Amino acid sequence: MAATTKRKRVSKKSKQSWRKHTDIKDVEEHLEEARREERTGGPVSEKPDKGLFFVDKETEEIKTTGKPKVRSRKRKLLKADQLLLPESKIKPVGSKRRKINEKNRQADSDSSDSDVDEEKSRPVAVERNNNRLKTVAKFDLWETQDLHTGDEHFLTTTRRSKVKKPKSINRKTSELEAVEVCAPGASYNPAYEDHQLLLQSAHDVESRKVKEIEKLKRQVKFLTPEEAANLPTWTEEMSQGLFVEDDKEVDEAESSDECEGMTVGPVRAVDRKTKQQRRKEKEKEEEQKRLETEKKEKLRQNEIFRLKTLKKEIKMADLEAEDRKKQKEEIEKSSATKPKRLGKHQYEAPNIEIQLSGEMTGSLRTLKQEGNLFEDRFKSLQRRNIIEPRQPVKPHRKYKQKTYTRKSYDKPCIKEI
């Protein structure tokens with residue numbers, strides 16, 4: 001007779017003893033099995049027959065003739081990588097699914113687990129629950145672009161707002177071209193007429209500069225030695241007008257004393273106006289006002305007979321307004337091709353790059369270089385109102401330079417001793 005294990009008697013008064021002495025292994029195994037089935041496509045009892053069984057009607061024919069199979073050079077999936085493949089049907093959050101070749105899958109199907117085999121070889125019908133929470137979208141944590149999530153609070157508080165572009169960002173600052181084509185006379189081998197026209201334009205620019213310098217010299221006329229000798233000294237210039245002011249003060253004091261000495265007498269009865277005089281003055285003022293109002297009324301009535309002149313005046317005013325409008329449009333058109341005043345300095349056009357008749361050569365090899373490419377681009381930006389005209393900053397001292405005398409300067413030299 002087989003020996004039977006004696007049943008252990010324990011107290012089950014409290015819930016603590018129930019938890020301690022109750023065996024729930026079978027329940028946990030059942031729940032674990034249910035979870036595993038759910039991960040691998042749902043419970044087996046709910047799966048249709050097509051998902052569990054299939055009829056294999058195709059047969060592979062063994063080829064006896066032909067060339068031998070060429071071994072594939074593609075890398076097979078290693079066992080270490082197969083073990084890392086997920087068994088669950090639930091996609092992980094924020095990770096990319098590894099791409100595996102179908103040929104590699106078929107080659108490694110024998111070495112894979114039974115659950116993975118079922119998952120890959122047979123079609124599994126999975127019922128998706130619409131009430132299930134959606135997973136977070138895949139994104140790069142260090143990406144600079146902001147992601148749009150469904151949370152309104154997240155969008156309003158933590159999202160970085162984009163900088164609004166100004167309307168004037170695409171507006172043209174000037175209608176001039178970035179690179180202007182040189183005149184025909186600036187060629188290395190130009191025609192005689194084109195070269196002479198370019199020389200004439202350069203001569204006009206230089207003559208204009210000379211005229212401006214002469215005009216400044218005429219306006220700022222220097223003194224002759226005789227006129228400079230007759231100039232007043234510093235003491236005379238600084239004391240100019242001091243004694244004249246003292247004399248004026250004395251005269252004002254005397255006149256004020258005379259005024260104080262005079263007394264204003266009382267108004268006499270003879271000088272007072274009578275009622276009759278006041279009444280006449282009032283009537284005269286009223287008559288003057290009446291005449292002025294009548295005159296204005298007559299002028300207003302006569303405006304009706306001035307219709308022709310009024311029409312002419314209106315027509316002339318319209319013509320003048322049209323002329324002003326045309327002039328304004330012409331100024332705007334011309335200003336579109338001219339540099340604007342963007343800073344404290346005015347734009348100065350560069351010198352015309354030209355070669356004299358004696359410097360002309362017929363070959364590019366012996367051609368003398370004119371101008372500077374960097375300066376040309378810089379002036380082009382200024383001409384097109386992209387940057388303001390500038391001038392080179394001259395070196396200057398902010399504070400006066402201090403000078404020191406060394407102690408050894410006053411001491412006698414060794415040679416002198």
Side-chain angles (χ1 to χ4, degrees), residues 160-220 303 306-356 369-394 396:
R160 187 183 296 171
S161 58
K162 291 183 179 178
V163 179
K164 190 178 180 182
K165 292 181 181 178
K167 293 179 181 178
S168 60
I169 195 168
N170 295 324
R171 188 176 60 193
K172 278 189 175 182
T173 54
S174 177
E175 292 184 2
L176 293 171
E177 294 180 358
V179 181
E180 291 184 352
V181 181
C182 295
S187 175
Y188 76 99
N189 192 14
Y192 178 76
E193 292 81 5
D194 296 337
H195 189 250
Q196 290 299 315
L197 286 171
L198 190 64
L199 281 172
Q200 184 62 39
S201 60
H203 177 264
D204 294 341
V205 172
E206 292 299 326
S207 61
R208 202 179 302 120
K209 287 180 182 178
V210 171
K211 284 180 182 178
E212 288 177 359
I213 293 166
E214 289 176 355
K215 185 180 178 182
L216 286 172
K217 283 181 180 179
R218 286 196 301 271
Q219 290 173 349
V220 184
E303 289 289 331
R306 291 181 66 250
L307 286 173
K308 289 184 178 180
T309 55
L310 288 171
K311 285 180 179 178
K312 284 182 181 178
E313 288 175 3
I314 292 165
K315 194 175 182 180
M316 291 294 292
D318 291 341
L319 290 171
E320 287 176 1
E322 285 180 5
D323 292 338
R324 284 197 299 273
K325 190 177 179 181
K326 286 179 181 177
Q327 288 176 2
K328 192 175 180 181
E329 288 176 356
E330 287 175 2
I331 290 166
E332 286 179 356
K333 285 180 181 178
S334 63
S335 64
T337 57
K338 289 181 180 179
K340 296 178 182 178
R341 188 69 177 265
L342 300 178
K344 62 179 182 179
H345 300 297
Q346 197 171 4
Y347 172 76
E348 293 181 2
N351 296 325
I352 298 172
E353 298 172 4
I354 192 167
Q355 290 186 349
L356 300 176
Q369 188 179 354
E370 290 288 339
N372 187 0
L373 190 61
F374 179 79
E375 187 181 352
D376 182 41
R377 293 295 84 222
F378 197 69
K379 286 286 183 183
S380 176
L381 292 172
Q382 291 179 0
R383 200 186 306 113
R384 289 180 288 142
N385 305 317
I386 295 171
I387 59 172
E388 70 279 6
R390 302 170 188 176
Q391 287 183 357
V393 180
K394 295 177 181 178
H396 65 282

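No hydrogens, no waters, no symmetry mates; every other heavy atom, side chains included, goes into these values. Numbering of residues begins at 1 and proceeds along the displayed sequence. The model shown is predicted, which means the values in this text are computed figures rather than measured ones.
With sequence neighbours left out, R390 forms a salt bridge (Lys or Arg N to Asp or Glu O under 4.0 Å) with E388. With sequence neighbours left out, the side-chain hydrogen bond (donor to acceptor under 3.5 Å, both in side chains) criterion links E212 to no other residue. Applying the salt bridge (Lys or Arg N to Asp or Glu O under 4.0 Å) criterion to R384, with sequence neighbours excluded, gives no partner residue. The side-chain hydrogen bond (donor to acceptor under 3.5 Å, both in side chains) check on K209 picks up N351, with sequence neighbours excluded. E180 meets the salt bridge (Lys or Arg N to Asp or Glu O under 4.0 Å) test with R383; sequence neighbours excluded. Residues passing the side-chain hydrogen bond (donor to acceptor under 3.5 Å, both in side chains) test with Q200 are D204, sequence neighbours excluded. Partners of K167 according to the side-chain contact (heavy atoms from CB on, under 4.5 Å) rule, which considers only residues two or more places apart in sequence or in another chain, do not exist here. Applying the salt bridge (Lys or Arg N to Asp or Glu O under 4.0 Å) criterion to E329, with sequence neighbours excluded, gives no partner residue.
Rounded to the nearest 0.5 angstrom, Q219 CD and L216 CG are separated by 6.0 Å. Within the model, atoms CD1 of I387 and CG of L342 stand 9.5 Å from one another, a figure rounded to the nearest 0.5 Å. Interatomic distance, M316 CE to L319 CG, rounded to the nearest 0.5 Å: 6.5 Å. Here the CD-OG distance, from Q196 to S201, works out to 11.0 Å after rounding to the nearest 0.5 Å. I213 CD1 to R218 CZ: the interatomic distance, rounded to the nearest 0.5 Å, is 12.0 Å.
Residue G185 comes nearest to H195 through the heavy atom pair O-CD2, 3.7 Å, listed as atom of the first residue, atom of the second, then distance. Closest approach of I354 to A202, counting heavy atoms only: CD1-CB, 4.4 Å. Closest approach of N385 and T173 over heavy atoms only: ND2-O, 3.3 Å.
K379 places a side-chain heavy atom less than 4.5 Å from the side chain of Y347. Residues T337 and S174 are not in side-chain contact: their nearest non-hydrogen atoms beyond the backbone lie 4.5 Å or more apart. Residues E303 and R306 have side chains in contact (heavy-atom distance under 4.5 Å, counting atoms from C-beta outward).
Applying the side-chain hydrogen bond (donor to acceptor under 3.5 Å, both in side chains) rule to pairs touching residues 314-326 yields nothing, sequence neighbours excluded. Applying the salt bridge (charged side-chain N to carboxylate O under 4.0 Å, His left out) test to pairs two or more places apart or on separate chains, none has a residue in residues 187-202. Applying the salt bridge (charged side-chain N to carboxylate O under 4.0 Å, His left out) test to every pair with at least one member in residues 335-354, sequence neighbours left out, gives no pairs at all.
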**Report entry** side chain to side chain contact (heavy atoms under 4.5 Å, CB included) between L310 and E313, intermediate numbers included
**Finding:** CA-CA 5 Å; L310 288 171; E313 288 175 3; 3.9 Å; yes

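Remark: side-chain polar atoms of S334 are paired, donor with acceptor, to backbone N or O of I331 under 3.5 angstrom. H396 places a side-chain N or O within donor-acceptor distance of the main-chain N or O of K394, the cut-off being under 3.5 Å.
The environment of NE2 in H203 is sparse: at most 12 heavy-atom neighbours from other residues, nucleotides or ligands sit within 6.0 Å. Atom CD of E177 has 12 or fewer heavy atoms from other residues, nucleotides or ligands within 6.0 Å.
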I'd like a table of donor-acceptor pairs (distance under 3.5 Å, sequence neighbours excluded) in which one partner is a side-chain atom from residues 369-378, with atom names and distances.
unit_1, atom_1, unit_2, atom_2, d
N372, OD1, F374, N, 3.3
R377, NH1, A178, O, 3.3
R377, NH2, A178, O, 3.3

